[in-house]
Amino acid sequence: MSRRGLPSNLRFYNICIHAFGKWKRLDKSLKLFAAMKAASPPLVPDICTYNSVIRVLVIGGRVADALLVFDEMKLAGIHPDVFTYHAVVDGCCKSFRMDDALRMFQEMRGGTRLKGGVVVYNSLLNGLFKAKRLDEACGFFETMVADGIQCSASTHNTVIDGLFKNGRAEAACRLFYELRKKGQLLDGIAYSIMVREFCKEGTGDQVAEAVSLVKEMEERGFVIDLVTVTSLLLGFNKSRRWDLEEKIVKIIRDSSVLPDAIRWKSNMMDALTGPQDRAKDRTSIFPFDGNMNDVMSLLNPAVCTDTNEGTTHNEPKDDWSLSPHLDHLAKHADHSNNSAIFTVHRGQRVEGMGGKTFDADMVNTYMSIFLAKGKLSVACKLFGIFTNLGRKGTSYTYNSLMTSFVKKGYLKQVWAVLHERGGQLCPNDIATYNLIIQGLGQMGKTEVASSIMEQLSKKGVYMDIVMYNTLINQLGKVGKVEEANCLLEQIITRGMKPDLVTFNTLININVKAGRLKEADKYLRRMIAEGIAPNHVTETIMIFLDKEIQKKKQQSK
DNA sequence: ATAGGGTTAG
């Protein structure tokens, strides 16, 4: 297509659609698309338009729609390029649609012979690890090498993190130390992952090891950012090694976030020792009367109103349009921000001191420390101080507060917090929904939790392994063991792999229900999957043993 | 334009 023939306006629209996507204003982007087509003379969407719209849909968590638009684009005779494939592959990976992601990837690599860069490979690699498909992830890593792709630091970080999260700590460490020996392709993030792992267990020795790694980071000139500092703070608190905190301040020469974080902490401690506002702890703002419709509408307006499904067929069809689905989306742009169920992006990235999120992230960190200690009212007070500052909480602030409320059975407070968020721009992230599922179980509303998951499933919304594990446990507790067992098959059907928690939960609920044979079956299956039992499994097995002994005694 | 902070099991 000749450059001269292109209306200059098209480029302008494309840039705006892309920009609004970054701000998570899906509605604005879609409206712009509609406006563009309605212009006179009408502008014809080009590859850049489609790439932008697809990216925007992915960012807004509307992966299913993004895939439909992707198909429409091909039907319209526009050939996807590497950017298009990158967007759809990335979207699929982030929403646990690994089979779709792999299919797209093969289409790109085999069918169109486009050569994707290392970024696409990294995206897929990360997705496979996140979906707990360890063997495939390792295999894919080899494919990458075979394809002649030059691994980047991100590749190694993804593999190190993926090995840790899949119970292969030893292999992860080996890779890290091997790369360190070679002195190549390791950056601050690799160190940060190692620091996190050493801090997680919280024994004094391990946290000391983490501190020495941070020292090495400093020597190598890597930035010790807020993510790393957060891991350290959690480690100091768990191990109670305050001497290490002092030590690390001395180690760090360059100005970094750590001194700021520690100063922030002492200011916060001062504020917290002031008079406690008990009323804030127990405000019952939410008039929860047991009406489950409220819960459903809170979860997802579209589930209740049915407006989205109904309109598709009643609309006058424009037979000439090459993008009917996208047109439909654009027409209903106003609702598009509400009907996104999850954001694909989980939390917000932290840029470091000076960034707007510093306070929010510090609150998050200390909130989880207080909550872990069961100091709910201190956490509430902290939350109050934070809200009075007039800042918007990131989703994690709410999530950690709600986790604790849910665990203590303060469901009213959970609803209050959710209502507070009602008018917010950003859709809740998946952790929030995991909490709701958990909360419903606490209220004895397992069947509601179950039906919500079923509806999400029907809508093609992605659910992560935590959500499944939570529901499996709840079904088991109310005696619906058979249904729980079925969920395992559903996990597999959806292209995910059950993890250690899934199997421990399944074994546990089957033991408790007296189904010893099934419990044994799941144990074997777990081992066959290459998942190593841990101390939780052991506890469950001891219980299983006792049950078997009891049975033998009875039969005598 | 990809990677790192927590959440699920006893």
Side-chain angles (χ1 to χ4, degrees), chain A residues 55 58 82-83 86-87 89-90 93-94 116-127 129-130 151-162 164-165 187-197 199-200 225-235 346-350 357 361-362 364-365 367-369 371-372 394-397 399-400 402-404 406-407 429-438 441 463-474 476-477 498-509 511-512 526 533-544:
Chain A
R55 183 98 238 158
V58 164
V82 274
F83 294 99
H86 187 191
V89 168
D90 186 44
C93 286
K94 285 231 170 72
V118 65
V119 180
V120 184
Y121 282 81
N122 288 347
S123 222
L124 264 161
L125 192 59
N126 187 41
F129 275 121
K130 290 274 152 66
C151 288
S152 64
S154 298
T155 316
H156 290 131
N157 295 341
T158 303
V159 176
I160 293 171
D161 180 67
F164 272 125
K165 298 229 167 106
D187 62 7
I189 288 173
Y191 276 86
S192 182
I193 293 166
M194 297 303 291
V195 168
R196 178 196 70 200
E197 288 301 315
C199 286
K200 216 165 72 179
D225 66 0
L226 198 51
V227 175
T228 318
V229 169
T230 301
S231 295
L232 281 170
L233 292 173
L234 292 166
R346 276 194 146 180
Q348 262 185 307
R349 238 147 215 266
V350 180
T357 61
D361 285 295
M362 292 308 289
N364 288 340
T365 306
M367 193 100 90
S368 70
I369 290 171
L371 293 176
T394 62
S395 65
Y396 181 62
T397 311
N399 284 339
S400 44
M402 285 199 291
T403 303
S404 200
V406 164
K407 282 191 175 151
D429 72 14
I430 196 161
T432 313
Y433 289 88
N434 286 342
L435 274 166
I436 294 169
I437 300 292
Q438 205 191 328
M463 292 171 281
D464 69 355
I465 195 77
V466 177
M467 213 178 211
Y468 276 111
N469 292 346
T470 309
L471 186 63
I472 287 173
N473 190 36
Q474 283 172 16
K477 279 194 172 148
D499 67 356
L500 180 62
V501 180
T502 319
F503 281 111
N504 281 346
T505 311
L506 280 168
I507 295 167
N508 183 46
I509 63 173
V511 170
K512 293 273 156 72
M526 175 173 120
N534 68 352
H535 61 283
V536 179
T537 326
E538 213 173 291
T539 317
I540 301 166
M541 294 323 291
I542 292 166
F543 188 85
L544 173 65

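Basis for what follows: all heavy atoms, side chains included, without hydrogens, waters or symmetry-related copies. Naming: A, B, ... by sequence-line order, numbering from 1 per chain. All figures in this text were calculated on a predicted structure; none of them were measured in a lab.
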Taking OP1 and OP2 of [N], is either one under 4.0 Å from a side-chain nitrogen or oxygen of [X]?
X	N	answer
A:Asn508	B:dG10	yes
A:Arg196	B:dG5	yes
A:Lys130	B:dG4	yes
A:Asn473	B:dA9	yes
A:Lys165	B:dG5	yes

Checklist entry - Can you tell me if A:Asp499 and A:Thr502 form a side-chain donor-acceptor pair at under 3.5 Å? => result yes

Next on the checklist: For a quick check under 3.5 Å, do A:Asp225 and A:Thr228 share a side-chain donor-acceptor pair by atom type?
Outcome noted: yes

Checklist outcome for this item: By side-chain contact (heavy atoms from CB on, under 4.5 Å), A:Ser231 pairs with (sequence neighbours left out) A:Val195, A:Arg196

Next on the checklist: Any donor-acceptor pair, under 3.5 Å, between the side chain of A:Ser154 and the base of B:dT2, if you only look at N and O atoms?
Outcome noted: yes

By the 4.0 Å heavy-atom rule, please label [X] as base, sugar-phosphate, or nothing.
X	result
A:Leu234	sugar-phosphate
A:Thr537	nothing
A:Thr158	sugar-phosphate

Heavy atoms from C-beta onward define the side chain here; which of [options] lies closest to that of [X]?
X	options	result
A:Asn469	B:dA3, B:dT8, B:dG10	B:dT8
A:Val227	B:dA1, B:dG4, B:dA3	B:dG4
A:Thr505	B:dA1, B:dA3, B:dA9	B:dA9
A:Val501	B:dG10, B:dG5, B:dA9	B:dA9
A:Leu226	B:dG5, B:dA1, B:dG10	B:dG5
A:His86	B:dA9, B:dA1, B:dG4	B:dA1
A:Phe83	B:dA1, B:dA9, B:dG4	B:dA1

Using whole Å, report how far [atom1] of [X] lies from [atom2] of [N].
X	N	atom1	atom2	answer
A:Lys94	B:dA1	NZ	P	11 Å
A:Asp90	B:dA3	CG	P	7 Å
A:Asn122	B:dA3	CG	P	9 Å
A:Tyr468	B:dA9	OH	C1'	18 Å
A:Phe503	B:dA9	CZ	P	17 Å
A:Met362	B:dG6	CE	C1'	16 Å
A:His156	B:dG4	NE2	C1'	16 Å
A:Asn534	B:dT8	CG	C1'	13 Å

Next on the checklist: Whether the side chain of A:Asn157 engages the backbone of A:Ile160 through a donor-acceptor N/O pair (distance < 3.5 Å, no angle test) should be reported.
Outcome noted: no

Checklist entry - Going from CG on A:Asn504 to CD1 on A:Ile540, what distance comes out if it is rounded to the nearest 0.5 angstrom? => result 4.5 Å

Next on the checklist: Go through it in stages, so that I can follow the logic: the residues are A:Thr505 and A:Asn469, the test is side chain to side chain donor-acceptor pair (under 3.5 Å), and I'd like the CA-CA distance, side-chain angles, deciding distance and then a yes or no.
Outcome noted: CA-CA 7 Å; A:Thr505 311; A:Asn469 292 346; 5.5 Å; no

